[in-house]
Each structure stands twice: as C-alpha cells, then as structure tokens.
Asks: 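Could you have a look at this structure, given as structure tokens, before my questions?
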Amino acid sequence: MLTEPYRCVKWSAKGFLFLLVFFAWHAVFAEGPQSTPSIFAPASTPASNIYELSLFVIAITGGIFVTVGSLIAYAAFKYRQHGQDDTSEPAQIYGSAQVELAWTVVPVLIVVVLFLTTARMIFAIQDAPKPKSALDVTVVGHQYWWEFNYPRLGIRGVNELHVPLSDANHPTPTFLTLLSADVIHSFWVPQLSGKTDLVPNKINYLWIDPRHPGTYVGQCAQFCGVEHAKMLLRVYVDTPDQFAAWVKNQQQPAVNDPKVAEGRHVFETQACMNCHTIAGTAATGRFGPDLTHLMSRETIASGATTNTPEHLREWIRNPDTFKPGSLMPAMQLNDQQLDQVTAYLSTLK
Amino acid sequence: MADSTFPVPGALEAAPHGRRWSQAAFLAWLHDWVVTVDHKKLGILYMLYSIFFLLVGGVEAILIRIQLVRPDMHFLSPWVFNRVFTMHGTTMVFLVGMTYIFGFANYLVPLMVGARDMAFPRLNALSFWLTFFGGILLYYSFIGGYGLYGASSAPDTMWWAYSPLTERAFSPGHAPDYWALSLIVTGFGTIGASINVIATALCLRCKGMTLMRLPLFVWLNVVTSFLALLAITPLTAAQVMLLIDRYLGGHFFDTQAGGSALIWAHFFWIFGHPEVYVLVLPAFAIANEVIPVFSRKAIFGYPAMAAASVGIAFVSLGVWAHHMFTIGMTSVGNTFFVLSTMLVGIPTGIKIFNWVATMWGGKIRFATPMLFCTAFLFQFLIAGLTGIILSVAPWNWQLHNSYFVIAHFHYVLVGAIVFCIFAGIYYWYPKVTGRMLSEKLGKWHFWLFVIGFHVSFDTMHVLGILGMPRSIFTYEADRGWAPWNFVVSIGGFIQAIAVLVFAFNLVHSYFKGRVAGNDPWDAWTLEWATPSPPPAYNFAEDPVVTSRRPLWDIKHPEDPDWRYE
C-alpha cells in the first residue's frame, strides 16, 4: 500500500516521457508528405511556425509538469502514514502569506511570457501580407465534398486541391478563401497549416506555402453530418511544370468522344445533369461536383475510394457502397446504361 | 478513532425496520421516495440518477471504442455512430455531470452548515423531478418520434449541436428537438437546484458558521451554483431560438435565410465554457474535504482557496471563444481570448499548490478516497497543462477538434471530475448508508480505473498530434492511427471493468459492508457529528461552531482551531 502513490507517479512520468520521445522521433524523421498527417511533420510556413511555437510551449509545460509532479509525488511518498497504529496528529499549518504569494507570482510571469509569444505568432500567421505572386483559390465546403475554384484561372476543381510548390526564391503561396454552401466544415491539412472553419454566411481565410512536392492528406474537422468522416481532403503540391500542365488541362472544355455518345446521352437525359456540370454539354448543375475533368482525379466521393471505372460504375449504381449517407442518390440505371455512362465519364480526362 | 461527543442524540429516531415484504409496504416505500422533500433522500436520488447515466454513457463509450478499434469497421452505421457519440457527450455532461453536483450538494450542504434541510425543500423536489424527466425525455428519443433516419430519433449533431446543421434543412425528423427540449427541462431543474444551494448556504448557517468558517465544500458549491445560474440561461435561450427556427419560421441560425451560424456558437460556448467549471468546481469541493482529512492537516490557505474558486468562476465567464479559435475571429479577438484563457491557469495553479501544501508535512492515509484524490492531483495537473497548450491559439488551430482535445477534456471530466466523484462516494457512502464500502474492492476499482484511464487517454493525445479529427465514425487504413486506436479501446474496456467492480461494491457493501459508526474517517466537518445515516432532522439540537473544523475543536480541546483564526 505504501508504494501505491509512488507507482502512480512512475506510471505517469513514463507515459509522458514516452510521448515526448515519440514526438521527437516524428519531428526528426518526417520530411515532405506523409501518409500520417502529423502536425509535427510540417511542410509549409504556417505549420512550421506552429510547430516551433509548440516546442517552446512543450518545454514550458513540460517543466511545470516535472516540477509540480515531483512535488506531488514527493509529498505523497514522504508524508504517508507509517503504520496503521501511528494515530498522532501532525502539526497543523493553516497557510503562509509569503509562500502563497510566491506561487501566485511565478505563474503570472509564466503566463506573461506564454501570452506574448502566442500573440506574436497569431499576428504573424493570421495577418501575413499576401504577396503579388500568390495563387487565389476559393474553397466551398459541401456536405460531404470540397469545391476548389481558381477565379483567376477559370478552373473549378473538386476534392483534390492542386497548388504550386513555393520556395524561398520564388514564393508562390496559395491563399484560400473559405466558404460553405450548407453547414460548418473545417479545412485541415495538418502538415500544411492549422485548420480554419468554412462557415456559411462568413468568409474566412487561410494560406499555405508548401515546400515539398507530393500529396498531403487531411479531412474535414468540424462535424458536418452523416458522412463527415469521409469528407477527405487531398492537396497536390505540384512542381511549376506539373502545375502549369495541370492548369492547361483543366482549362480545356470536356473531351467530346463520339464513341461514347450513348453514355453522354444517358447523362444528359437522366437526373445526373441536375446536379453536375460537364463544361460544353447541357449539364450545368451546381449541387454536386463538376465532372468536366473527372478522370484527372485520383479519387472519387471525396476520397472515399479510388477513381477506377469499376468504382465509378458501382458509385453510380449505389453510392452507399462507398459512402452511406452521401447526398448522391442511387440513380436506378439499368446495366446497359451504367456501362454507357461509365464509359462516357471515363473519357473525361 | 475518537468518538465525537457533539451533543447529538441520534437515538431519538429508532424507527423499527420492517424487513418483511408486502405490496402495501413496497408502495408506501415507493410513495415515500417519490414525494419526499428531504434533502438527503433527494441527494441520494440525484446520485443514483447520476450513477445510472454514468453506466449508460459508459456503454455508449464502449460502443464508440468498438467501432474505432480498427479502420473501416462496420459495427455501427454512420447514422448510429453519430447518435451514439452525441448521446455519450450529452449524457455525460448534462445527466451525469450536472446531477452529481446536486447529489453531493443536496446531501451535504445542509449537514455541513448545520441546517435541517435545504432552504426550499419543495423546490428541491421539483428540481430533481424536472431533471429526472428531462433525462427520460432525452432517452425516449431512442424509441419515440417519427422521422427515423437510420436508427432512431436520438440527437446526432454532437453535444454542441452547431447550427445550421440542426436546422430543418439539414436535420429533418426530431433529433434536435429531443436534444433541445430535454435540455431545457433539465436546465430548469438545474436553475432551481442552484437557487436552493445558494439560499441554503447563505441563509441557513448555524450559529457561529460565518462565511469564513464555511467548509470549502460549501464555498465551492455556492460558487458553482452562481455559475450555473449564469451559464444555463444563455443555453436555454439559444435552444428556444432553435425551436423557434425549426417550428415558427424564425431565422436566428438559419443561414440560408440570412441567419448566423456564429451566433449559435457564441451562445453555446458562453454556456459551454462556464459549464466546464460548473462541473469541475464541485469536484474540487470534494478534494477540499478529502485531502485534508486523509492528510490529517487543515487545508492550507483557506482564504486563498475560496478566493481562487471565485476567481476561476469570474474568469471562466470571459473565455468562451477559445472554443472558436478556428471559426475565423480577428487576430485581436483571438489574442484576447488567449490571454483570458491563460489567466485561468493562475487561480487553478494556486489550488494545486495549496492541495500539495496540505499534504506536505501530514500523515497521509491512503484509503480509497485519498488514492482517488492523489491520482486526481496528477491528472488535473496534466489536464491544466494541456489546457494551457490548447490556449495557445496557433497551436489550437492544429489541435482543435482533434483527438488531442478529446484527450484533454477527458482528462478534466474523467481524470479530475470522475476521480473526485469516486473519492466522494467512497468518503461519504458510510455517512449515507451507515456501512463502509469494501476497501479491497475499492483498491481494485482504483487501480483498474487509473490504469485503464491512462492507457486510453494518454494515447489519445498522440492521435491528435497525428492529425486524427474527432467525431469520425471510421478512419482511413493508411493513416497510421490504427494501433493507437486499438490501445485506446483496450483502455476503455479496462475502465469498464473497473466501473463494474465499483457498481458491485456499491450494492454489495450496502448489505454486507462493515458498520461505519458516526465518524469512520476521524473527520472534522459537521456531517460527521450526526449518526450514519443521519436522522430526518439531521441535528437534534442546532449545532454551534467556533471554527472551520468544529469536530477538531471537540477532539482536540487542548489545541482548538479557533485560536488561529
């Protein structure tokens, strides 16, 4: 019984040390995009700034933890009752103005330091000036997918955000304007920046300047309904050449291949066109994702599954296979129509 | 143990106990409990209600942990999962958290201030039954109503029910209605009970019980009750506005008609943040009684402890938007709420230091209540430090709505509050039932719970750092979150076993426990001066106190407390 508090201390301390070691490991070895979107593997200025600030905060809070934790452990261990029959009462001490003043003043000083450091970082990230070379993207959150509009490039992207690499010599940060079409969502790609909510009737901003090319993952971070968990985000950081090529392709009208005219006919005569746009056709719906360049994307259903013809066909047949609760209805097409529509959509490079 | 010689002839009421069962006797017994206005019976009812819903909320937690034990589980559908985690949060905060407060306060405040009942006994009964039926209404949603989207009509919009997700366009059916209506009802119960606690503690104090001699337990409950009065009203107002939106064509939060999603968030967190302190201050209240008694020392720095509680309550009214750092406030707005939030750390730090100083130089007896309180000190320290971490707004932009936040507030709600509730139950159970809880089972309960707790919630911090957002019914297999989630779930099961041990202990000891006597812990506050369980009138003669520890004065006439006041 005597060692119980001591064990408790040991346990907590071990857990804490373990966490620290784990974090350190991640921070040291992670560079560039990871499949695990750790906030300690930053790849963009806002995320890096936050990471550096977090190390400072960990040092302070860790110091407090070790100091106060050892005091608690020491008191619990040292002043335990020795033997059940030792029933004499210890000296009664009611307080001490000096001691109490001391442990009020020290926390005040710590708060001042932490506050000033934090305030500086808030302004540095949130009020960062926007350079002329910045790319503008308007993000619109939908239940449960992302719309990425590039107003100056005339591109309407979906679910997979393409941004250019930014380096110190040629900074091309991306400034995101965040909007919502329905409920509150939150844009979170941990390696690139903190999250910011997409609030209906409110305009929010966020910026990133990724340093390593590759695919960064994230997802919606504000509960937005049934399929919140499958509102995944992918950010493709392209080299300048890749980005230019991507932009060029996205600016083309939809491929119009006469071999899949039946599929296009099905698309244009069924309810598909009420919700989806395919540039250059009669389909101009805005409720669902733009499909003009559907096949340029690696995933469908906001990342719920990979973009292959089989998945596409199954998705059109019954979206609940991949994403139960998705707002796209099962279209009740027959097998022939499904094949035709899938063949048509598969040409939309 | 020194027997109190306080002049309380409890033998006056030696009511004969008929053990024979008959329907009439049962109905009489039931009737007695339903119509009772006795603060002790209502306190017991509150506690039973709280423990019952703790078990229910625990089952929901286990369902969540089964679903998340590995990626792409199909144990629960997304509809059911969303209802389960919404109900878990709502239950734990409103039906467990808000009722344990009044369980302890009802039972103990009149005894501690030397009163015979609460100030308004009938209001007390009304408050309990409002809370009771509010809880029933909330759970009726599982079977009642139409609009069965998925599993039932249980609320499915998280416990903070952000608009416009709760508007009719996005939540057809009745789920948000059940959420809003039942919490309005329990909210009225809370307001009634709070008024009662304040009036009792301020107006019914026995002779000699000045405000500076009030046990800290009572002090903190008074502060809690003031805070509850201030916090519940904006929530109720917002819920009424939501219902107006849904049924009377209002547009407060209806963004499609120009309403504001932000207003809901502000209303909710103006309630929601003080609410955290409404829940945690009564836990501190318990620690304030348990730690001195088991350290065998007077509480260190009584005036500072009382002042720190008032300070926490005051500052907590100005920190709500730290739940909204990501919602798009200005940089100046964010900075303000960083400062106000960090300020909470100062009075909270004072409390921790004072508790440690109370233990310092004592002779600590590690009976089960003290074990829970010692673990509470550690866990509350960590919870406070992760709170500081979350108050750093830029870091909060990363951590907000991640598993790190879940870990943080479970450290507060479980690591601090539930641990103190258990400490309080082990401490006062002998007073309430006349029998001791089994120490052996208590130790099992403690060690299983503390291990399960750390396995679960320490690990959750890591998941947050690794970018796992909260309230997702499943996660991608390639994210590297699976092993961590597995560990969290294992911890959850260990905690469940611990709680079952506790439940068994409660029932078993009621019949088989060692008889406690008036004062089994050799304690110092007035409730230990009456028999266990206390008679209906509490004290045969109105007590007169001369210091903060009336029973200390009686037990140690050579060195009474009043000399040092």
Side-chain angles (χ1 to χ4, degrees), chain A residues 1 4-5 8 12 15 35-40 50 53-54 57 61 64-65 68-69 71-72 75-76 79-81 89-90 92 94-95 100 103-104 107-108 111 114-115 118-119 121-123 125-127 183-184 186 190 194-197 199-202 204 219 221-223 226 229 324-325, chain B residues 78-79 158 162 164-165 170 255 261-262 296-298 300-301 304 326-328 331 334-335 338-339 342 345-346 349-350 353 356 359-366 374-375 377-378 381 385 388-389 392-395 397-398 400-401 454 458 462 465-467 469 471-474 478-480 564:
Chain A
M1 180 178 161
E4 276 158 359
C8 179
S12 309
S35 68
T36 301
S38 166
I39 66 170
F40 283 175
I50 291 172
L53 176 65
S54 71
V57 177
T61 49
I64 299 173
F65 173 77
V68 183
L71 284 177
I72 300 174
Y79 298 107
R80 67 192 191 276
Q81 185 188 30
E89 302 282 17
Q92 300 295 306
Y94 300 89
E100 288 177 60
W103 67 47
T104 310
V108 170
V111 163
L114 269 177
F115 166 67
T118 304
M121 195 59 81
I122 291 175
F123 288 96
I125 295 175
Q126 204 175 340
D127 297 346
V183 301
I184 303 182
S186 194
K195 64 182 74 60
T196 303
D197 296 352
V199 185
N201 288 357
K202 186 174 187 326
N204 282 337
Q219 64 192 90
Q222 175 61 55
F223 182 72
V226 181
Chain B
W79 291 275
M158 300 197 69
Y162 265 6
L165 187 58
F170 305 110
T255 46
L262 226 57
R296 310 307 306 155
K297 274 181 69 212
F300 190 91
T326 64
I327 213 161
S331 42
N334 282 333
T335 311
V338 168
L339 180 61
M342 285 180 175
I346 296 167
I350 292 176
F353 288 129
V356 178
M359 292 163 73
W360 205 271
K363 284 188 180 170
I364 306 167
R365 297 179 192 161
F366 282 105
T374 312
L377 275 183
F378 274 106
L381 171 66
L385 293 173
I388 291 287
I389 284 172
V392 175
W395 203 3
W397 297 332
Q398 286 283 21
H400 179 68
N401 274 0
H454 284 280
D458 295 7
V462 181
I465 299 289
L466 297 184
S471 45
I472 52 175
F473 71 88
T474 191
D478 65 353
R479 293 287 195 271
Y564 306 99

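Reminder, nothing fancy here: chain letters follow the sequence lines and each chain counts from 1.
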Asks: Among A75(A), P190(A), S54(A), which residue has the highest count of heavy-atom pairs closer than 4.5 Å to chain B?
Replies: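 That would be S54(A).
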Asks: Check whether any side-chain heavy atom of Q222(A) sits under 4.5 Å from a side-chain heavy atom of N401(B), and report yes or no.
Replies: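 Q222(A) reaches N401(B) side chain to side chain.
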Asks: Between G349(B), S471(B), G480(B), which residue shows the highest count of heavy-atom pairs closer than 4.5 Å to chain A?
Replies: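 Among G349(B), S471(B), G480(B), the one with the most close pairs to chain A is S471(B).
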Asks: Flag the pair L466(B) / F40(A) as yes when at least one side-chain heavy-atom distance between them is below 4.5 Å, and no otherwise.
Replies: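 No, side chains not in contact.
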Asks: Checking heavy atoms, do the side chain of V199(A), its backbone, both or neither come under 4.5 Å from chain B?
Replies: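 V199(A) touches chain B through side-chain heavy atoms alone.
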Asks: Given a strict heavy-atom distance threshold of 4.5 Å, which part of K195(A) is in contact with chain B: side chain, backbone, both, or neither?
Replies: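 Both backbone and side chain.
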Asks: Within this structure, what is the CG-OG1 distance for the pair D197(A) and T326(B), rounded to the nearest 0.5 Å?
Replies: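 Between D197(A) CG and T326(B) OG1, I get 3.5 Å after rounding to 0.5 Å.
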Asks: Which atoms of N204(A) come close to chain B, meaning under 4.5 Å heavy atom to heavy atom: side chain ones, backbone ones, both, or neither?
Replies: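 Looking at N204(A), just its side chain touches chain B.
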Asks: Where on F170(B) is there a heavy atom nearer than 4.5 Å to chain A: the side chain, the backbone, both, or neither?
Replies: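 Side chain only.
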Asks: Using a 3.5 Å distance criterion without hydrogens, assess whether the side chain of K202(A) forms a donor-acceptor pair with backbone atoms of G328(B).
Replies: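 Checking the backbone N and O of G328(B) against the side chain of K202(A), a donor-acceptor pair under 3.5 Å is found.
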Asks: What are the two closest heavy atoms between G362(B) and P90(A), and how far apart are they?
Replies: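 For G362(B) and P90(A), the tightest heavy-atom pair comes out as CA-CG, 3.9 Å.
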Asks: If you define the side chain from C-beta out and look only at heavy atoms, does anything of F300(B) sit under 4.5 Å from E100(A)?
Replies: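 Yes - at least one pair of side-chain heavy atoms lies under 4.5 Å apart.
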Asks: Do the rings of Y564(B) and Y94(A) sit parallel, tilted or perpendicular, given the 30° and 60° boundaries?
Replies: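 Parallel: the ring planes of Y564(B) and Y94(A) meet at under 30°.
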Asks: Can you tell me which portion of I122(A) sits under 4.5 Å from chain B's heavy atoms? Options are side chain, backbone, both or neither.
Replies: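 Both parts, backbone and side chain.
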Asks: Give, for atom CZ of F378(B) and atom CD1 of I72(A), the distance between the pair rounded to the nearest 0.5 Å.
Replies: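 That separation rounds to 5.0 Å.
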Asks: Would you compute the distance between atom CG of L377(B) and atom CG of L71(A) and round it to the nearest 0.5 angstrom?
Replies: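 That separation rounds to 11.5 Å.
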Asks: Top residue by heavy-atom pair count (under 4.5 Å) with chain B, among G194(A), A119(A), S186(A)?
Replies: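 Max contact count across the listed options: G194(A).
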Asks: Can you tell me how far OG of S38(A) sits from CZ of R479(B), rounded to the nearest 0.5 angstrom?
Replies: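 Rounded to the nearest 0.5 Å, the CZ-OG separation comes out at 13.0 Å.
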Asks: Are the side chains of Y162(B) and V183(A) in touch, meaning some heavy atoms are under 4.5 Å apart?
Replies: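 Result no, sub-4.5 Å side-chain heavy-atom pair not found.
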Asks: Is the closest side-chain heavy-atom distance between W397(B) and T196(A) below 4.5 Å?
Replies: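 Not in contact.
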Asks: Classify the ring geometry of F353(B) against W103(A): parallel below 30°, tilted from 30° to 60°, perpendicular beyond 60°.
Replies: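 Ring orientation, 0 to 90° scale: parallel.
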Asks: When rounded to the nearest 0.5 angstrom, what is the spacing between CZ in R296(B) and CD in E89(A)?
Replies: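 Taking CZ in R296(B) and CD in E89(A), the distance rounds to 4.0 Å.
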Asks: Looking at CG of L262(B) and CD1 of I184(A), how far apart are the two atoms once the value is rounded to the nearest 0.5 Å?
Replies: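 So the CG of L262(B) and the CD1 of I184(A) are separated by 7.5 Å.
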Asks: Identify the heavy atoms of S331(B) and D127(A) that sit nearest to each other, and give their distance.
Replies: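 Where S331(B) meets D127(A) most closely, the heavy atoms are OG-OD2, 2.7 Å.
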Asks: Name the region of I125(A), side chain, backbone, both or neither, that has any atom closer than 4.5 Å to a heavy atom of chain B.
Replies: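 Contact with chain B involves the side chain of I125(A) alone.
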Asks: What option among G467(B), P394(B), A304(B) has the most heavy-atom pairs under 4.5 Å with chain A?
Replies: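 Ranked by heavy-atom pairs under 4.5 Å with chain A, first place is P394(B).
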Asks: Can you give me the closest heavy-atom contact between M342(B) and V111(A), atom names plus distance?
Replies: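 Closest approach of M342(B) to V111(A), heavy atoms only: O-CG2, 3.6 Å.
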Asks: Side chain, backbone, both or neither: which part of L381(B) has a heavy atom under 4.5 Å from chain A?
Replies: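 Contact with chain A is through the side chain of L381(B) alone.
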Asks: Looking at every heavy atom in both A298(B) and Q92(A), which two are closest together, and how far apart are they?
Replies: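 Smallest heavy-atom distance, with atoms named: N-OE1, 2.8 Å.
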Asks: Backbone N or O of D478(B) within a donor-acceptor pair of the S35(A) side chain at under 3.5 Å?
Replies: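 Here the side-chain-to-backbone pair exists.
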